[in-house]
Amino acid sequence: LFWALRGGGGNFGVVTSLELRLYPVDRLWGGMAFYAIERAADTIAYYREWALAEPDEMTTALMLVRMPPDPAVPEPIRGKRVLAIRALYLGTLGDAEWVLEPLLDAAGPPLAGGFRPMSFPETATIAGPPPPSAAVRQHIDLFGHLPDDLIDTLLDSAVDGIEIRHWGGAMARTSPDSGPVGHRHVPFSVVAGARYGDPSDRDPVDSTMDALVSRMSPYATGGTFLNFLTDTSRTPSAYTTEDYRRLLEVKRAWDPDNFFSHNHNIAAVSAVTR
């Protein structure tokens, strides 16, 4: 049961108490910078190899994002589709710059944004302010590699925002009692998101997203991460086949009536086979 709780998506009970191990963190180095979209193809191609050697102390992501025509947005990127690099490093300024410099060189001169030392609470500002509340279509796929055809697909898409994130590090080093969170060894995720401008007319957004998903599918592993998964019909894809089988057995033992069901539901074996 305790194994299932750590990654089972709220299907097995209510946790009433947590004990957390904290680590002292004084200063970090990070931020987000924006670059010309014309540099995106070369930068992603460089990133797919560079990221595999990232130290545990660093986390990075690349984004293809269409900036709003808002006066608050810096003029060089206002209303434009741009490439963004987001990074955070737990270490000294000199080490961080040395690690990230080759990737920034591939992206060329920044148009806006930048990187700086910051406290841990300040890291919440890296992603920028939250977008206005709106209905959003989101999709995630995982990839073992980022081939040229996939890069072209991402650049051709008219989806509002696409994030390419590298994982790995301690997350990928699992032990037998790590819990059922699956696919930790897969190095890359792509999360695409698009806002419904008119909630009563979702067809244009769905058509654009469906086209992107269809073109990405041949290169994807078929797995997902539950944290980013909005399509509840894909819940099994967040786990390995063996872990999902075990989760079904735990569900049958502890919640056979599927009381905990308002989530990414893992139904009891009896409910699945009926």
For this session: Check the hydrophobic clustering (I, L, V, M, F, W, Y; side-chain heavy atoms under 4.5 Å; chains of links allowed) and say if V181 and L142 are grouped together.
Result: no
Problem set entry | side chain to side chain contact (heavy atoms under 4.5 Å, CB included) between D95 and E57, worked out | CA-CA 10 Å; D95 288 343; E57 294 82 3; over 6 Å; no
For this session: Drop me the distance from I77's CD1 to L83's CG, to the nearest 0.5 angstrom.
Result: 11.0 Å
Problem set entry | Side chains of I85 and T60 in contact at under 4.5 Å (non-hydrogen atoms) | no
Exercise. Among the clusters formed by ILVMFWY side chains lying less than 4.5 Å apart, do L100 and F188 turn up in the same one?
Worked result: yes
Exercise. Are the side chain of S207 and the backbone N or O of P204 linked by a donor-acceptor pair below 3.5 Å?
Worked result: no
For this session: Mind jotting down which residue pairs meet the ring pair (Phe, Tyr, Trp, His ring centres under 6.0 Å) criterion with at least one end in residues 13-33? Sequence neighbours excluded, please.
Result: W29-F115
For this session: Determine whether H139 and R234 make a side-chain contact, defined as any pair of heavy atoms from C-beta on separated by less than 4.5 Å.
Result: yes
Exercise. Would you say the side chain of Y244 lies within less than 4.5 Å of the side chain of I266, judging by non-hydrogen atoms?
Worked result: yes
Exercise. Rounded to the nearest 0.5 Å, what separation is found between the CG atom of D56 and the CG atom of L90?
Worked result: 10.5 Å
Problem set entry | Heavy atoms from other residues, nucleotides or ligands near CH2 of W254 exceed 12 (cutoff 6.0 Å) | no
Seminar exercise, completed: Here the pair of heavy atoms bringing A135 nearest to R202 is CB-NH2, 3.8 Å
Exercise. Does a side chain donor of either S217 or S214 reach within less than 3.5 Å of an acceptor in the other side chain?
Worked result: no
For this session: Consider only side-chain heavy atoms of I, L, V, M, F, W and Y, link residues closer than 4.5 Å, and tell whether F260 and L1 are in one cluster.
Result: no
For this session: I would like to know whether H166 and W50 meet side chain to side chain contact (heavy atoms under 4.5 Å, CB included); could you show each step before the answer?
Result: CA-CA 10 Å; H166 174 246; W50 173 90; over 6 Å; no
Exercise. Going only through I, L, V, M, F, W and Y residues with side-chain contacts under 4.5 Å, is there a path from L155 to F34?
Worked result: no
Exercise. Given the rule in the side chain to side chain contact (heavy atoms under 4.5 Å, CB included) test, do K80 and M67 qualify, once you have shown the distances and angles that lead to the verdict?
Worked result: CA-CA 5 Å; K80 298 178 181 178; M67 304 301 294; 5.7 Å; no
Problem set entry | salt_bridge(R246, E249) N-O dist < 4.0 Å | no
Problem set entry | For the student: nearest non-hydrogen atoms of R184 and T174, plus distance | CD-CG2, 3.3 Å
Seminar exercise, completed: Shortest non-hydrogen pair, P180 vs Y239, comes out as O-CD2, 3.0 Å
Exercise. Quick one: NE2 on H264 to CG on D231, what's the gap to the nearest 0.5 Å?
Worked result: 8.5 Å
Problem set entry | Residue pair I151 / L146: nearest heavy atoms and the distance that separates them | CD1-O, 3.8 Å
Exercise. Stepwise, does the side chain to side chain contact (heavy atoms under 4.5 Å, CB included) test hold for T232 with N265?
Worked result: CA-CA 7 Å; T232 55; N265 193 220; over 6 Å; no
For this session: Specify the closest pair of heavy atoms between W167 and S189, including all atoms of both residues, with the distance to one decimal.
Result: NE1-OG, 2.9 Å
Exercise. Do F143 and R48 have side chains that get closer than 4.5 Å, going by heavy atoms?
Worked result: no
Exercise. Side-chain contact, heavy-atom cut-off 4.5 Å: L248 with R252?
Worked result: no
For this session: Kindly work out whether a path of hydrophobic side-chain contacts (I/L/V/M/F/W/Y, heavy atoms less than 4.5 Å apart) joins L52 to V186.
Result: no
Exercise. Taking N258 for the side chain and A267 for the main chain, is one N or O donor matched with an acceptor at less than 3.5 Å?
Worked result: no
Problem set entry | E75 and R78 ion-paired at < 4.0 Å | no
Seminar exercise, completed: Rounded to the nearest 0.5 angstrom, the CG-OG1 distance for L88 and T123 is 6.0 Å
For this session: Supply the atom-to-atom distance Y89 OH to M118 CE, rounded to the nearest 0.5 angstrom.
Result: 15.0 Å
For this session: Report yes if the side chains of N11 and L247 come closer than 4.5 Å at any heavy-atom pair, otherwise no.
Result: no
For this session: Indicate yes or no for a side-chain donor-acceptor contact from N263 to the backbone of G10 under 3.5 Å, with no hydrogens or angles considered.
Result: yes
Exercise. Has the side chain of R66 got a donor or acceptor atom that lies under 3.5 Å from a matching backbone atom of V159?
Worked result: no
Seminar exercise, completed: Rounded to the nearest 0.5 Å, the CD1 atom of I126 sits from the CZ atom of R116 at a distance of 8.5 Å
Exercise. Side chains of D210 and R137: closer than 4.5 Å at any heavy-atom pair?
Worked result: yes
For this session: For D70 and A72, indicate whether the former's side chain and the latter's backbone hold a donor-acceptor pair under 3.5 Å.
Result: yes
Problem set entry | Residue pair E122, S119: steps toward the side-chain hydrogen bond (donor to acceptor under 3.5 Å, both in side chains) verdict | CA-CA 5 Å; E122 288 178 295; S119 66; 3.1 Å; yes
For this session: Please report the closest heavy-atom contact between T153 and R215, naming both atoms and the distance.
Result: OG1-NH2, 3.3 Å
Problem set entry | Non-hydrogen side-chain atoms of L28 and F120 separated by less than 4.5 Å | yes
